[in-house]
Amino acid sequence: MADKKAKKKQSNQDTPDTYASEGAGYGAIVGFFFFLVLAVSGHASYGAVMLAVCVVVGLLLGMTKLKPSRGNEEREQEIRDYKKLDAERNAFFPDRSKKKYDPNLKTPCIRKNLANGERVAGFMNRATGRFEEKMLIRDEKDLKEFMRQYGISDKEDLK
């Protein structure tokens, strides 16, 4: 029994994991659109050819793109690092999700409701002491997202 699982696991590692089936599906959708347009215009045979061509092109394009391997922590970390580096380098399409605040005027902080434990991240105006809500914090993922969006590097910066 253990040999079968090990053999199956080994065989899955040997085969490349690609998006070929997804590419063929998208090619079929595009090809069907061409087929309908050409069939309405009276050229159904050309539409059938376009359908087949789109499916094959989608299949070939899908075969060139590898899916990230699952279960391999080092590989997944490499992919995350590459995506982060790519987002930092992208001059044509910069990450517009990053927002700015003036650290001289505002202090990032988290306000917690004592009655129900709800946490809200936002900024405290240093001059007026008024709290400006920005994001509901349900878990650590939301907190990390808030810190990423506003460029807050350390949890100690949050008050």
Side-chain angles (χ1 to χ4, degrees), residues 2 4-34 36-37 54-159:
K4 288 182 181 179
K5 285 184 181 180
K7 192 173 186 179
K8 184 178 180 184
K9 191 173 190 180
Q10 181 66 28
S11 66
N12 287 343
Q13 290 175 353
D14 292 341
T15 59
D17 208 12
T18 64
Y19 289 102
S21 59
E22 292 177 25
Y26 290 129
I29 292 169
V30 171
F32 186 70
F33 174 74
F34 280 130
L36 287 178
V37 170
C54 288
V55 169
V56 170
V57 167
L59 181 70
L60 293 174
L61 288 175
M63 288 171 60
T64 62
K65 180 120 172 102
L66 288 175
K67 287 183 183 177
S69 58
R70 290 172 180 78
N72 186 350
E73 289 297 323
E74 292 174 10
R75 177 72 176 138
E76 289 177 10
Q77 185 61 40
E78 285 176 10
I79 292 169
R80 284 191 295 269
D81 292 343
Y82 176 76
K83 286 181 180 178
K84 183 178 178 183
L85 184 64
D86 191 39
E88 291 172 359
R89 283 192 207 159
N90 198 344
F92 294 111
F93 301 103
D95 187 8
R96 302 213 189 282
S97 66
K98 290 197 176 187
K99 301 171 184 165
K100 297 188 180 202
Y101 74 98
D102 188 0
N104 296 328
L105 300 175
K106 298 178 181 180
T107 304
C109 57
I110 296 177
R111 180 177 277 180
K112 185 173 180 179
N113 187 337
L114 295 176
N116 58 13
E118 180 180 81
R119 295 186 301 166
V120 177
F123 297 98
M124 183 74 69
N125 189 328
R126 291 183 181 193
T128 62
R130 184 171 161 249
F131 182 75
E132 182 182 341
E133 294 181 0
K134 292 294 182 183
M135 183 180 201
L136 176 66
I137 305 295
R138 289 175 285 209
D139 54 10
E140 281 296 313
K141 184 179 175 186
D142 290 339
L143 180 61
K144 287 180 182 177
E145 177 64 21
F146 173 75
M147 292 172 65
R148 185 196 66 79
Q149 280 182 355
Y150 289 97
I152 301 166
S153 60
D154 206 9
K155 282 187 181 181
E156 285 79 37
D157 292 342
L158 296 171
K159 302 209 179 208

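A donor-acceptor contact shorter than 3.5 Å links the side chain of Asp139 to the backbone of Asp142.
For residues 124-144, there are no ring-ring contact (aromatic ring centres under 6.0 Å, His included) pairs, not counting sequence neighbours.
Residues that satisfy the side chain to side chain donor-acceptor pair (under 3.5 Å) test with Arg126, not counting sequence neighbours, are Thr107. Among residues two or more places apart in sequence or in another chain, the side chain to side chain donor-acceptor pair (under 3.5 Å) test is passed with Asn113 by Asn116. Residues satisfying the ring-ring contact (aromatic ring centres under 6.0 Å, His included) criterion with Phe123, sequence neighbours excluded, are Tyr101, Phe146, Tyr150. Residues passing the side chain to side chain donor-acceptor pair (under 3.5 Å) test with Gln77 are Arg80, Asp81, sequence neighbours excluded. Applying the side chain to side chain donor-acceptor pair (under 3.5 Å) rule to Lys134 yields the partners Glu132; only residues at least two apart in sequence or on another chain are considered.
Distance check: Met135 CE to Ile110 CD1 gives 11.0 Å after rounding to the nearest 0.5 Å. Taking NZ of Lys106 as the start and OG1 of Thr128 as the end, the distance is 9.5 Å to the nearest 0.5 Å. Atom CE of Met124 sits about 11.0 Å away from atom CZ of Arg130, to the nearest 0.5 Å. The distance from atom NZ of Lys141 to atom CZ of Arg148, rounded to the nearest 0.5 Å, is 11.5 Å.
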